[in-house]
Each structure stands twice: as C-alpha cells, then as structure tokens.
2 protein chains.
Amino acid sequence: MQETEAEFLQKYDRREYLAPLMTVDAAIFTFHGGKLLVLLTKRCEHPEKGKWALPGGFVDEEKDASLEEAIQRKLQEKTGVKAPYIEQLMSVGNNQRDTRGWSVTVVYTALVALQSCQSFVDNVSEVRWEIYEEALKMDLAFDHIEIMKAARERLKQKALYSMVPAYALPEEFTLPELQHCLEVLIDKPIQKKSFRRRVEQADLMEEVGLRSADKKGRPSMAYRLKEGVKDFTFIRNLDA
Amino acid sequence: MQETEAEFLQKYDRREYLAPLMTVDAAIFTFHGGKLLVLLTKRCEHPEKGKWALPGGFVDEEKDASLEEAIQRKLQEKTGVKAPYIEQLMSVGNNQRDTRGWSVTVVYTALVALQSCQSFVDNVSEVRWEIYEEALKMDLAFDHIEIMKAARERLKQKALYSMVPAYALPEEFTLPELQHCLEVLIDKPIQKKSFRRRVEQADLMEEVGLRSADKKGRPSMAYRLKEGVKDFTFIRNLDA
DNA sequence: ACACATAGTGTCTTTAAGACACTATTAAAA
DNA sequence: TTTTAATAGTGTCTTAAAGACACTATGTGT
C-alpha cells in the first residue's frame, strides 16, 4: 500500500530531525568622509558574547516568510530604515564556525546612506559604524572577518562594472563624490572623463540643482538616482 | 554572576530550538550534441515523491564538515565523479517551497564532462541527463525550475566574460566545439575571430594534437584546459 | 583684479570586439 | 585526378568605449 503525500505529512514531525543552525547576516556598508564604513553590532548573548559582529540572527518562522523578509527585518532592527540596496552575497556553512555546532549563515550585502540611519544608530550603544580598515583589524565574532572581506571584494567588482555603490551615498550626491567612492572601492584613481561618460551612458541619475559650495572651487551639480531604474551593467569594466 | 561561554555551551541543547530544513542542491550542466543538458534525479521519497528534481539533499552532520563537502558528496553519489567546476549559486529559503515547513536550500552550479559520468548515470534509473529546454517544460519538484533558470542565466553571464563553460565539455575539445557551446549559452553567434582572440588572451588551454576528422572539412586542433590555471575574467564582455 | 581650487569638456590615443574576406586542409563528388 | 564543398583558422579594417591629458568654467579668498 502506497503512502500518499498527505499521509506522509500527517506523520511528519520536524522535531524528529536535527537541522543545522540557520542564521541570516548582513554586511551593511556606507560611504562617508571619504571612507567606507561597515555596520557592526555588539553580541549581547553567548556565544562570542561581547564581541563585535555583522548584524544578523536567527530566522523567526513566525515573523519571516522568507530569507529576504528575515534580513530586511534584521536591517530594520539595526538601522531603523529599509536599505535601498540589498543583495544576497553567499552562504557559509560548516561545523567549525559556531561553537554550538553545525551552522549555516546566508549573508547579504546592503548599502545605505549614513544620514538615513545615523540618528538611530547613534542612540543604540551596541550598534556602530566602523571604518572598514579598522574593522579588518578587529576580532570579530565567528568568521565575520572573512565574510566582510568577501562582501568588500564583491563591492569592488560592482564598482568596476556598475554604479551600484551610489546607494552607499546620501540620496543627493555630486559626481565627484560618487567618483571618489568608486575610487576608494577599487583602490585606484579613475579618469574623470571615463567616469562621467559612464554616468551618462548608464542614464541612472538626474540633476537636482547646484550643490551649495561647501568647499573651495567651482560648485558641483547634485544628482540623485532616478526612481524605479534598474541597475545598469557596463559591458566593459574599468581597469582593475 | 556572569555566565561564561563554556557554561553556556554546557547547558546549550540544539534540540530545544527548531531550525528550518537545510538542504544542498546542485544544478549540474554538461554540453553534448550541441545541447545543454542538466542532471535530474527522481525523488523516491515524500514529499514530491516521483517528481524529477535537481540532485541534492540534507547535510549529513557526520559525513560533511562543510557545505562544500556536502555538495561534493551529493555530486559523487549522483554522477560517480568529482566535478571539475563547482560554484555556489545562491540560497533560497521560505515557508512555501517545501510542504514540510520553513526550508532553506543552498544551491551550487557544477559543470562536468558527459563522458566522465555517462556510464555511471546510465546505470541508475532515477538519475538522467535532460536537455535543458525539455527540463524547462517539466513539472520539477519544489521550486527547482526557478533555481534551474537562475543557474542557466548565471552560466550565460559566465559565457560572456569567461571561458568557464569549457568545463562542460570533454577533457579534450576543439575550439569550434567550445565556441558553439558559448553560442548556445548566450543564444547568439560569436565572431570566430573574437572568440579565438579571447582564447589566446586567456591563455587557459594547451594544444593536444590534431583531432581526427570525424566530420567533413579541415580537422581542428584539440585542446585541454591547462593544469592548475585559475579562471580568467575578460575586462570586456561579449555583446549580449 | 588676481591666484587658486575644484568642476566639467574636448579630443587624441589605445584596447579589444565586430565584421568579413581571405587562406588552409580535409573528404567526397565528378 | 581535379574539382567542389565544408569546416578550420588568419589578416585586417572598422567600431565602441576606456585612458590620458590639456583645456575651459565657475566658484572662493586675498
């Protein structure tokens, strides 16, 4: 007698099976003061209690219908805002990374404007923006240093073939600001002309008037990303 | 009194926490007879019993120390060989995709030579190579159609900026064969000259003598991928 | 008015792909 | 045996887009 799927599900009890620990984590970057910043949270529970870590945590089966919802919820909890850019980076799973046992994390990369969440972050002592290079030297929890490096590397690649890093800037920004952001990411100067040709070709941004001159020299035009534009991928990369 | 991490772990019992179902799956492609093929396995257990699916399954905490080991084990079980190319594609997780409840799958894309595993596959009735376009029309288990499409799309991108699809060919292949494989993946003819310039620039292959003329016309040189070469990424894509 | 700093453009060079005609080498047909 | 057809592989011109860099434009401070 064949068992039907309904009968199978009737008898099935997930508690009989031991699944690995499942978390979602995010490497959240922003760009400010000419530096790449990464959001860190202090672990207030064991294991690795007291260490700084990438924001994240367990999926809540009640609250979250999907991984995307889970990570959006974590982001909202830590930054107070919905990230304008979020993308799945990779998953890491093994029996070494967490002392509790076999554990898997699905990691996302997110970009936000510092301004959009600065006040929220400033009011929570266990959340802070750290300069990426400084974070590299820290003793982060679990394998978060390696994960952060992987996210940074992916962001560098994005800078070579897209304008995605613009999401790490304030909603309004100037082209010199965006160019500098890309230059920091790829760790190399970009020809102003090349950069501006690409901005024009991508057609992702719109002028929003002149930036008041906070620095010396000619003021630059302010831009913002157009509403509802998809990302643009250049068929040729900048020289790495 | 502060609890130490050791004390925490002493008391910690994973069985008290319900984690989502965790599986690893693979979209395994090969290229043969001018067609892209994908490996499917027939599900012999509930749920979705009897449907064809991408090979995969649960992580075995005893056998597998990491996700990579888990997927390599699955590949070995289904094909009898170690895949020369394997890469993590993405993870999918939600409470809809599996009737048993909240479930996460970490998906890999692998490329193998048909010849290397043909005899093994032919001897197992619940494993078979399916032409990609035919697989698209099938009622695959879970969300495997969508996953397969995502893997196919990624493979197309790879064809535009790398020679990775060469791993889907026999160990020895000709340049016209590789060119045709790329053309199928990007669904567009490639200029012979452009293709061959790229082959030369990438410097990934070495001649292994003349291919005996199985067809009419001038015989082509046979090549194989050099040992221990890293992948090469072109700074400019082929036109999509 | 002038120097200066920074924004932004013009234009020549360089790189690598697209187009396509050309030569090369084989098997089959005449 | 020559010719033809088919496929492999090359030469070379054109085109697209990045690099280089000098130039103009527009602000501030003296």
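Numbers restart at 1 for each chain; the letters A, B, ... are given by sequence-line order, proteins then strands.
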Evaluation steps, salt bridge (Lys or Arg N to Asp or Glu O under 4.0 Å), between A:Arg211 and A:Glu177: CA-CA 12 Å; A:Arg211 168 67 54 98; A:Glu177 281 165 7; 3.1 Å; yes

Between P on D:dT10 and CZ on B:Phe195, what's the gap in Å once rounded to a whole number? 12 Å

Rounding to 0.5 Å, atoms NZ (A:Lys188) and CG (A:Leu160) come to a distance of 9.0 Å

Parallel, tilted or perpendicular: ring planes of B:His144 versus B:Phe142, cut at 30 and 60 degrees: tilted

Is it the case that more than 12 heavy atoms not belonging to B:Lys51 sit under 6.0 Å from its NZ atom? yes

Using a 6.0 Å cut-off, check whether atom CD of A:Glu171 has over 12 heavy atoms from anything other than its own residue. no

Just verifying a value: how many Å separate A:Tyr161 OH and A:Arg198 CZ, rounded to the nearest 0.5 Å? 11.5 Å

Nearest whole angstrom, please: distance from the P of D:dA18 to the NZ of A:Lys188. 13 Å

Could you grab the distance from atom CE of B:Met221 to atom CG of B:Leu210, nearest 0.5 Å is fine? 5.5 Å

Less than 6.0 angstrom separating the ring centers of A:Phe29 and A:Phe31, yes or no? no

Check nucleotides 4-8 of chain C against the protein and report each pair of N or O atoms closer than 3.5 Å, with its distance, or say if there are none.
{"unit_1": "C:dT6", "atom_1": "O2", "unit_2": "A:Arg218", "atom_2": "N", "d": "3.3"}
{"unit_1": "C:dA7", "atom_1": "O4'", "unit_2": "A:Arg218", "atom_2": "O", "d": "3.4"}
{"unit_1": "C:dA7", "atom_1": "N3", "unit_2": "A:Arg218", "atom_2": "NH1", "d": "3.1"}
{"unit_1": "C:dG8", "atom_1": "OP1", "unit_2": "A:Met221", "atom_2": "N", "d": "2.8"}
{"unit_1": "C:dG8", "atom_1": "OP2", "unit_2": "A:Arg196", "atom_2": "NH1", "d": "3.4"}
{"unit_1": "C:dG8", "atom_1": "OP2", "unit_2": "A:Arg196", "atom_2": "NH2", "d": "2.8"}
{"unit_1": "C:dG8", "atom_1": "O5'", "unit_2": "A:Arg196", "atom_2": "NH2", "d": "2.8"}
{"unit_1": "C:dG8", "atom_1": "N7", "unit_2": "A:Lys192", "atom_2": "NZ", "d": "2.4"}
{"unit_1": "C:dG8", "atom_1": "O6", "unit_2": "A:Lys192", "atom_2": "NZ", "d": "2.8"}

If you restrict it to nitrogen or oxygen atoms, what contacts under 3.5 Å exist between nucleotides 12-17 of chain D and the protein, and what is each distance?
none

Verify the contact: side-chain N or O of A:Gln191 to OP1 or OP2 of D:dA18, cut-off strictly under 4.0 Å; return yes or no. no

Let me know the distance between CD1 of A:Ile190 and C1' of D:dA20, rounded to the nearest Å. 15 Å

Between atom CD in A:Gln179 and atom P in D:dG19, what is the gap in whole Å? 11 Å

